[in-house]
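Read the structure below first, then the notes.
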Amino acid sequence: PAAVIRCALLIGNPDLDPASVLTGPEAGLLGPRAVPKRHNDFLRGRWIGKKLLGSVAPGADLRDLLILPDDRGVPCPFDAHGALPWSLSLSHTEGFAAAAITPLPGLVGIDVERPIPEPSLVAQDYFTDRERSFLVPAGDRASRVAAVIWSAKEAASKALGEGLRLSLLAMEVSDAGPLEPSSWHPLRMSISGHPPLSLWSWHEQGAVVTVASVGMGDAALPRWELRV
């Protein structure tokens with residue numbers, strides 16, 4: 001059977017207790033100078049990530065699970081026995097946090113974005129000519145189309161383990177898909193010098209979620225395991 005990409009979405013900004021979510025090593029990643037927003041984003045990302053991991057590790061307490069970055073900054077999950085056999089990706093933006101997992105050796109990336117208020121400003125520096133051409137016919141939906149393109153680039157760079165080391169202009173979305181809500185839509189993207197990826201986009205009220213996978217083929221589909 002095809003592998004499943006399990007996804008989770010946190011909507012809103014719940015009042016989370018850091019002591020019930022973070023282990024000592026995780027809390028130490030923030031540093032003493034982290035601003036409150038950074039603390040909140042980090043906590044929401046870890047919380048939804050651990051809730052998702054708990055769906056495949058029944059009975060595990062949040063503090064039984066550990067999410068630490070590797071030397072590339074990719075989040076890696078652990079429990080008391082060591083590394084877990086899952087590829088994990090986390091994302092957050094104002095009012096939302098998202099996570100995705102899939103069994104190794106598959107690789108996954110997820111990104112959640114709000115519609116971009118001034119899409120032309122982002123497009124002129126970070127979109128290819130072809131990507132910019134999608135914005136004009138979109139009219140008043142251009143802010144959401146721009147969010148799809150940006151989110152796809154972010155998710156792809158995470159799945160590849162490249163992060164900000166990969167130029168956003170090296171990735172080109174050739175099909176931004178429909179903007180219909182409440183279903184996963186495939187996207188098309190080419191990346192110079194990298195293997196092909198599979199991408200899907202979901203339109204939530206007030207946000208766009210994009211999932212990218214490497215080494216799993218188009219048969220591996222994302223599904224919501226948790227939406228809270």
Side-chain angles (χ1 to χ4, degrees), residues 3-10 21-31 34 38-57 60 62-93 96-113 126 150-171 187 189 191-201 209-217 220 222 225-226:
V4 171
I5 303 170
R6 301 168 188 258
C7 304
L9 185 67
L10 172 62
V21 179
L22 303 178
T23 62
E26 290 171 315
L29 294 172
L30 284 167
R38 166 65 175 149
H39 274 275
N40 185 47
D41 288 345
F42 183 86
L43 184 60
R44 289 186 300 128
R46 274 350 190 237
W47 185 86
I48 195 64
K50 291 186 180 188
K51 282 289 188 180
L52 182 57
L53 289 166
S55 71
V56 295
L62 294 185
R63 284 180 54 85
D64 295 332
L65 299 168
L66 184 67
I67 300 174
L68 294 175
D70 66 10
D71 56 5
R72 300 169 300 163
V74 176
C76 300
F78 300 82
D79 65 9
H81 304 290
L84 295 172
W86 295 90
S87 170
L88 167 69
S89 184
L90 305 173
S91 180
H92 49 72
T93 189
F96 296 91
I101 58 173
T102 201
L104 294 170
L107 299 173
V108 68
I110 192 168
D111 190 66
V112 56
E113 300 288 343
Y126 301 110
W150 180 272
S151 183
K153 291 171 183 274
E154 290 278 358
S157 65
K158 291 178 180 180
L160 292 168
E162 294 286 354
L164 296 177
R165 293 180 295 274
L166 183 61
S167 168
L168 295 180
L169 292 175
M171 300 177 275
L187 304 177
M189 172 184 280
I191 307 178
S192 177
H194 286 276
L197 296 90
S198 298
L199 294 105
W200 299 266
S201 179
V209 182
T210 304
V211 171
S213 68
V214 178
M216 300 175 64
E225 198 75 23
L226 182 66

Look up atom [atom1] in [X] and atom [atom2] in [Y], then write down how far apart they are to the nearest 0.5 Å.
| X | Y | atom1 | atom2 | result |
| --- | --- | --- | --- | --- |
| Leu168 | Trp150 | CG | CH2 | 5.0 Å |
| Met189 | His194 | CE | NE2 | 11.5 Å |
| Leu160 | Arg165 | CG | CZ | 10.5 Å |
| Lys158 | Lys153 | NZ | NZ | 15.0 Å |
| Ser157 | Asp111 | OG | CG | 8.0 Å |
| Asp64 | Thr23 | CG | OG1 | 10.5 Å |

Which pair of heavy atoms, one from [X] and one from [Y], lies closest together, and at what distance?
| X | Y | result |
| --- | --- | --- |
| Ile67 | Lys50 | CD1-CG, 3.9 Å |
| Gly45 | Ala97 | N-CB, 4.3 Å |
| Ala159 | Gly109 | CB-N, 3.6 Å |
| Val21 | Trp47 | CG2-CD1, 3.6 Å |
| Gly106 | Met216 | CA-CG, 3.7 Å |
| Thr210 | Ala155 | O-CB, 3.6 Å |

### Query
Stepwise, does the side-chain contact (heavy atoms from CB on, under 4.5 Å) test hold for Leu43 with Leu22?
CA-CA 8 Å; Leu43 184 60; Leu22 303 178; 3.9 Å; yes

Partner of [X] by side-chain contact (heavy atoms from CB on, under 4.5 Å), out of [options]:
| X | options | value |
| --- | --- | --- |
| Leu9 | Val209, Leu52, Ile110, Ile48 | Val209 |
| Arg46 | Leu29, Leu62, Leu65 | Leu29 |
| Pro77 | Leu88, Leu68, Ile101 | Leu88 |

Using only atom types and a distance under 3.5 Å, with no angle test, would you say the side chain of [X] pairs donor to acceptor with the backbone of [Y]?
| X | Y | result |
| --- | --- | --- |
| Ser213 | Val108 | no |
| Thr102 | Val4 | yes |
| Ser91 | Val112 | yes |
| Asp41 | Arg44 | no |

### Task
Quick one: do Val56 and Trp86 satisfy side-chain contact (heavy atoms from CB on, under 4.5 Å)? Show the steps, please.
CA-CA 10 Å; Val56 295; Trp86 295 90; 3.7 Å; yes

Can you find a heavy atom in the side chain of [X] that is under 4.5 Å from one in the side chain of [Y]?
| X | Y | result |
| --- | --- | --- |
| Leu166 | Ile191 | yes |
| Glu154 | Glu113 | yes |
| Arg38 | Leu30 | yes |
| His92 | Leu10 | no |

### Task
Answer yes or no: is there an ion pair linking Glu26 with Arg63, defined by an N-O contact shorter than 4.0 Å?
no

### Message
How about CZ on Phe78, more than 12 heavy atoms from neighbouring residues, nucleotides or ligands closer than 6.0 Å, or not?
### Response
yes

### Task
Applying side chain to side chain donor-acceptor pair (under 3.5 Å), name anything that partners Arg72, two or more places apart in sequence or on another chain.
Asp70

